[in-house]
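Structure first, commentary second.
Values below: all heavy atoms of this structure, side chains included; hydrogens, waters and symmetry mates excluded.
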Amino acid sequence: MSKPSTIVIGGGATGVGIARDLAMRGVDVTLVEQGNLTHGTSGRMHGMLHSGGRYAVTDQHSAEDCMTENRILRDIASHCVEMTGGLFVQMPEDDDEYFQQKLEGCRECDIPVEVLSAEEVLEMEPYLSEDLERAIQVPDGAIDPFRLCVANAVSAENHGARIETHSEVTDLLVEDGEVVGVEVEHKSGAGSRVHGNEGETEAIYADHVVNAAGAWAGEIGAMADLDVEVIPAKGVMTIMNVRQVDMVINRCKPRGNADIIVPHETTAILGTTDEEVEDPEDFPEEKAEVDFLIEEMSKMAPILEDARTLRSYWGVRPLYEPPGTGTEETEQITRNYFVLDHDERDDTPGLTTVVGGKFVTYRKMAEDCADHVCGRLGVDTECRTADEPLPGSEDGAILSDAMDRYGLRSPLARRNKQRLGSRYDDVLSGADPNPVVCDCEGVTRAEIRDAIESAGTDLNSVRQQTRASMGTCQGGNCSHRLAAELHPEYDEEAARAALEELYQERWKGQRHALWGEQLDQATLNHALHASTMNRDRDPTDVSVDFESFDAGRAVADGGESDGD
């Protein structure tokens with residue numbers, strides 16, 4: 001007897017979460033994603049593991065969900081989470097009454113809280129403003145969206161799912177008024193990430209289709225003449241060069257723009273803004289938004305005024321509210337999620353859409369959506385995603401063994417362990433010697449080669465898995481080293497194309513940060529790549545006989561090498 005089958009559209013946190021959940025229940029799952037995993041909103045969030053405190057006054061249902069999922073993710077994805085703790089800081093101009101509302105709201109939502117005096121806060125976070133009044137401490141944290149999504153995808157594959165990245169849905173297949181599958185166009189180039197051929201169109205049929213395309217969910221629905229009114233809302237995030245704070249810092253005022261600082265690995269991320277846009281792919285990215293962020297956040301942390309800005313990026317939230325609600329401001333739209341049954345709602349069976357929500361509640365969204373789909377498919381297996389750890393998260397107490405075994409100094413070993421979790425032994429034992437490839441982030445050859453095994457020539461995927469090229473040089477010193485690790489599995493042309501793709505992705509976010517020391521760094525990067533490596537005249541269409549460099553001048557000149 002064959003398994004019931006589903007297609008999940010979207011490779012963000014919700015999509016991979018649904019794929020994992022359904023696969024663990026015994027459903028035959030195919031996930032299709034137009035870009036790489038985390039291509040959309042999930043890869044462009046601020047990296048905050050919400051406690052729910054942010055929503056405790058105005059949206060307590062979301063706040064309770066956040067706290068519940070916060071606890072679950074600490075259990076099942078410990079290698080993706082850094083429990084920094086968080087503060088809601090009251091500045092002199094912030095309202096006392098709102099401070100009390102926040103405190104009481106957190107308690108009502110079962111969010112652990114503690115009120116700290118200004119002196120206690122400054123002892124913990126000395127770079128905050130000395131003018132602050134007091135703060136509420138909550139269990140906020142930082143989370144790595146790339147590692148979390150990859151871990152979910154790996155778990156789904158381990159349970160039999162097929163994950164197809166770089167496969168854009170070009171149509172929904174509808175027969176007799178029922179959605180029966182999707183048509184995708186495979187877009188990827190050379191590398192192990194390829195399942196189809198470049199430009200090939202494939203029709204994939206299934207018993208049920210799940211639309212988890214985030215900000216693109218409306219476009220997917222329109223392919224079956226369905227109206228899914230997703231409201232795309234852009235928000236800017238700016239990455240600073242070091243961790244100016246060690247805890248998540250929230251401004252204790254009604255939810256608005258520019259009020260969060262999230263420590264993330266070696267950096268700090270400032271966020272965010274909230275503005276509705278028409279197209280999730282094409283919207284203005286304005287330097288004025290970055291200036292506004294830094295100006296506002298410097299009121300809480302004055303050190304940011306003189307700090308070095310590495311890069312900025314914009315994410316698009318897939319906001320949704322039921323028709324007729326009439327909310328005018330995107331900041332006021334609920335962060336709840338909705339599972340839309342198109343059979344019940346639109347008389348179109350075979351399709352379910354999941355919209356809204358937040359990154360921290362992705363697993364709960366996936367569980368509710370999978371419950372609904374299993375109901376349609378007649379599958380009565382219970383959800384297990386809250387109880388079974390994600391790949392890499394088990395056994396977090398063996399760091400010292402790694403230090404001894406691989407001769408790594410403490411900071412490097414600690415970060416290797418944080419990134420790899422329980423997989424560190426398998427990964428690090430596969431490379432000898434194991435030099436550091438990315439100096440800024442302390443990423444070794446073993447990690448790069450491990451990531452290449454799954455990502456192929458997609459060095460941006462390697463970056464997301466390892467953090468290589470995400471440090472202060474933004475790939476200036478290491479992007480070509482990453483490309484060199486593609487040899488000998490891939491040829492020179494593939495390595496050059498991969499290098500260019502990674503370097504351009506790094507440059508894209510720096511355009512809004514070209515002043516002060518970051519301008520100096522960008523100039524140095526240009527000198528290294530354009531002058532030293534001659535990449536401004538890169539012969540991408542000319543084959544270079546690299547073997548001659550190893551064999552000596554005689555071979556290069558057409559003669560025979562005698563080995564001297």
Side-chain angles (χ1 to χ4, degrees), residues 3-35 37-42 149 152-153 155-157 159-165 167-175 178-184 202-224 226-228 230 318 320 337-346 348-357 359 361-379 381 383 385:
K3 295 180 180 179
S5 58
T6 61
I7 296 166
V8 178
I9 304 171
T14 306
V16 293
I18 294 168
R20 180 191 187 221
D21 194 323
L22 289 171
M24 290 172 72
R25 300 193 205 204
V27 176
D28 185 4
V29 179
T30 298
L31 181 145
V32 291
E33 160 59 48
Q34 63 174 324
L37 295 179
T38 73
H39 166 80
T41 307
S42 294
C149 288
N152 273 275
S155 177
E157 286 184 311
H159 288 87
R162 172 189 176 193
I163 306 295
E164 290 280 1
T165 59
S167 298
E168 181 177 2
V169 173
T170 53
D171 202 2
L172 291 178
L173 304 177
V174 182
E175 296 179 357
E178 178 178 358
V179 175
V180 296
V182 302
E183 179 186 88
V184 300
E202 179 184 5
I204 307 174
Y205 290 85
D207 298 315
H208 203 88
V209 175
V210 176
N211 175 11
W216 290 263
E219 297 176 19
I220 297 296
M223 294 176 182
L226 301 174
D227 190 8
V228 180
V230 172
Y320 179 84
Y337 59 88
F338 300 85
V339 177
L340 308 181
D341 181 340
H342 291 292
D343 185 9
E344 186 177 275
R345 200 189 81 149
D346 305 301
T348 304
L351 179 68
T352 296
T353 293
V354 56
V355 284
F359 188 89
T361 59
Y362 88 93
R363 193 211 61 81
K364 183 67 165 56
M365 293 172 65
E367 178 180 344
D368 287 354
C369 184
D371 281 346
H372 170 76
V373 172
C374 285
R376 289 288 178 184
L377 297 175
V379 175
T381 309
C383 173
T385 58

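- Distance alone, capped at 3.5 Å, places no donor-acceptor pair between the Ser155 side chain and the Ala153 backbone.
- Expressed to the nearest 0.5 Å, how far OH of Tyr362 lies from CG of Asn152 amounts to 3.5 Å.
- Of all the heavy atoms in Gly356 and Met365, the pair that sits closest is O-CE, 3.2 Å.
- Side chain of Glu33 to main chain of Gly11: a donor-acceptor pair is present (N/O by atom type, distance under 3.5 Å, no hydrogens or angles).
- Between the side chain of Ser5 and the main chain of Asp207, a donor-acceptor pair closer than 3.5 Å is present.
- Using a distance-only test at 3.5 Å, with no hydrogens or angles considered, no donor-acceptor pair links the side chain of Thr348 to the main chain of Glu178.
- To the nearest 0.5 Å, atom CG of residue Leu377 and atom CZ of residue Arg25 are 10.5 Å apart.
- Considering only heavy atoms from C-beta on, His39 comes within 4.5 Å of Gln34 through its side chain.
- Between Met223 and Val169, the closest side-chain pair of non-hydrogen atoms falls below 4.5 Å.
- Of the inter-residue distances, the one linking Leu22 atom CG with Thr6 atom OG1 reads 4.5 Å to the nearest 0.5 angstrom.
- Across all non-hydrogen atoms, the minimal contact from Ala23 to Val29 is N-CG2, 3.8 Å.
- Taking every heavy atom of both residues into account, His342 and Val228 meet most closely at CE1-CG2, 3.7 Å.
- Side-chain atoms of Asp28 do not come within 3.5 Å of backbone N or O of Lys3 as any donor-acceptor pair.
- Put simply, the side chain of Asp343 reaches to within 4.5 Å of the side chain of Arg376, judged on heavy atoms.
- Residue Ser42 comes nearest to Ala13 through the heavy atom pair OG-N, 2.9 Å, listed as atom of the first residue, atom of the second, then distance.
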Kindly determine whether Cys369 and Lys364 satisfy side chain to side chain contact (heavy atoms under 4.5 Å, CB included), including the steps that lead there.
CA-CA 8 Å; Cys369 184; Lys364 183 67 165 56; over 6 Å; no
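- Residue Asn211 holds its CG atom at 5.5 Å from CD1 of Ile220, rounded to the nearest 0.5 Å.
- Nearest heavy-atom pair across Val16 and Cys149 is CG2-O, 3.8 Å.
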For side chain to side chain contact (heavy atoms under 4.5 Å, CB included), just list the numbers for Leu37 and Ile163, CA-CA rounded to whole Å, side-chain angles, deciding distance to a tenth of an Å, and then say yes or no.
CA-CA 9 Å; Leu37 295 179; Ile163 306 295; 4.3 Å; yes
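- When side chains are defined from C-beta on, Leu173 counts as touching Tyr205, because their heavy atoms get closer than 4.5 Å.
- For the residue pair Thr30 and Arg162, no side-chain donor N or O sits within less than 3.5 Å of a side-chain acceptor on the partner.
- Atom OG of Ser167 sits about 9.5 Å away from atom CG of Leu31, to the nearest 0.5 Å.
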Please determine whether side chain to side chain donor-acceptor pair (under 3.5 Å) holds for the pair His372 and Thr352, giving the CA-CA distance in whole Å, both sets of side-chain angles, and the decisive distance to 0.1 Å.
CA-CA 8 Å; His372 170 76; Thr352 296; 3.1 Å; yes
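- In terms of heavy-atom proximity, Gly15 sits nearest to Val8 at O-CG1, 3.6 Å.
- Side-chain contact between Ile18 and Arg20: absent, with no pair of heavy atoms (C-beta onward) separated by less than 4.5 Å.
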Determine, step by step, whether Val184 and Thr170 satisfy the side chain to side chain contact (heavy atoms under 4.5 Å, CB included) criterion, reporting the C-alpha distance in whole Å, the side-chain angles of both residues, the deciding distance to 0.1 Å, and the verdict.
CA-CA 5 Å; Val184 300; Thr170 53; 5.8 Å; no
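- Residues Val379 and Pro4 are in side-chain contact: their nearest non-hydrogen atoms beyond the backbone lie under 4.5 Å apart.
- Here OH of Tyr337 is found 3.5 Å from CG of Asp368. Values are rounded to the nearest 0.5 Å.
- Every side-chain contact (heavy atoms from CB on, under 4.5 Å) that Ala224 has, sequence neighbours left out, goes to Leu172, Val174, Val179, Leu226.
- Side-chain atoms of Asp171 and Val182, non-hydrogen and from C-beta on, never get closer than 4.5 Å to each other.
- With contacts defined as side-chain heavy-atom distances shorter than 4.5 Å, the pair Val355/Pro318 does not qualify.
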Please assess Thr14 against Phe359 for the test side chain to side chain contact (heavy atoms under 4.5 Å, CB included), listing each intermediate value before the final yes or no.
CA-CA 8 Å; Thr14 306; Phe359 188 89; over 6 Å; no
